[in-house]
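Hydrogens, waters and symmetry mates are skipped; everything else that's a heavy atom, side chains included, is used.
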Amino acid sequence: AEQMKARREKNEESRMSPSDIWRQMEQAPTEEAMFACFNALSETKRLEVAEWILTHVSMFKGRGPVFAEHYNLVTHMLEE
């Protein structure tokens, strides 16, 4: 059952566009929740989403600057 759930989440993740994922991240109640949402993605998806965020999202308002400040280019994770 656990494997099926993981597989279902992977399928859901692969179907979601970077903009959909960013929308979820923006709606997270806290920055920590936003980080957890992003860091839970597969590395491939994190790379895709990060590239999208860094090229499409304003770095001057909202959570864009928070993402840019905490994104680690080596690990592709958001770090506190």
Side-chain angles (χ1 to χ4, degrees):
E2 203 52 41
Q3 278 183 321
M4 292 252 324
K5 182 175 183 266
R7 201 172 304 131
R8 197 167 54 244
E9 285 171 3
K10 275 276 169 280
N11 287 342
E12 223 168 87
E13 174 186 304
S14 65
R15 276 198 309 271
M16 286 182 78
S17 71
S19 60
D20 291 336
I21 292 171
W22 175 245
R23 218 166 292 122
Q24 278 191 343
M25 290 170 64
E26 280 187 307
Q27 291 168 356
T30 63
E31 286 178 11
E32 289 75 21
M34 180 183 104
F35 294 3
C37 173
F38 180 80
N39 291 340
L41 300 169
S42 66
E43 184 172 10
T44 311
K45 199 66 174 184
R46 288 196 311 269
L47 269 166
E48 185 187 331
V49 172
E51 189 173 317
W52 186 88
I53 291 169
L54 295 170
T55 55
H56 290 79
V57 172
S58 169
M59 290 299 133
F60 300 102
K61 65 182 192 321
R63 293 238 166 117
V66 174
F67 181 89
E69 185 181 328
H70 292 275
Y71 182 64
N72 181 316
L73 284 164
V74 178
T75 62
H76 310 294
M77 302 281 278
L78 287 175
E79 299 175 344
E80 299 276 340

Practice problem: Would you give the length of the straight line joining atom CD1 of I53 to atom CG of L78, rounded to the nearest 0.5 angstrom? | Solution: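 Interatomic distance, I53 CD1 to L78 CG, rounded to 0.5 Å: 7.5 Å.
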
Quiz prompt | Distance (rounded to the nearest 0.5 Å) between F35 CZ and H70 NE2 | solution =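 Answer rounded to 0.5 Å: 4.0 Å.
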
Practice problem: State, yes or no, whether a side-chain contact exists between I21 and F38 at a heavy-atom distance under 4.5 Å. | Solution: no

Quiz item: Would you say S58 and K61 make side-chain contact, with heavy atoms under 4.5 Å?
Solution: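 Yes, side chains in contact.
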
Quiz item: Got a sec, which pairs hit salt bridge (Lys or Arg N to Asp or Glu O under 4.0 Å) with one end in residues 47-58, sequence neighbours left out?
Solution: K45-E48

Quiz item: Could you give all pairs that pass the salt bridge (Lys or Arg N to Asp or Glu O under 4.0 Å) test and reach residues 68-80, with sequence neighbours left out?
Solution: none

Non-neighbouring partners of [X] that pass side-chain contact (heavy atoms from CB on, under 4.5 Å), sequence neighbours left out:
X: L47; answer: Y71, H76
X: T30; answer: E32, A33
X: A68; answer: L54, M59
X: T44; answer: S42

Practice problem: Using the side chain to side chain donor-acceptor pair (under 3.5 Å) rule, collect all pairs that involve residues 17-28, keeping only residues at least two apart or in two chains. | Solution: S17-S19, S17-D20, D20-R23, W22-E26

Practice problem: Can you see which heavy atom on L41 is nearest to which on R46, and at what distance? | Solution: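 Nearest pair, atom of L41 first, then R46: O-NH1, 2.8 Å.
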
Quiz item: So if you build clusters from Ile, Leu, Val, Met, Phe, Trp, Tyr with side-chain heavy-atom gaps below 4.5 Å, do W52 and M77 land together?
Solution: no

Quiz prompt | Same cluster (ILVMFWY, side-chain, under 4.5 Å), F60 and F67 | solution =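 No, it is not one cluster - the side chains of F60 and F67 are not joined through contacts under 4.5 Å.
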
Exercise. Only counting residues at least two apart or in another chain, list the ones meeting side-chain hydrogen bond (donor to acceptor under 3.5 Å, both in side chains) with E43.
Key: none

Quiz prompt | Under 3.5 Å: donor-acceptor pair, side chain of R63, backbone of M25 | solution = yes

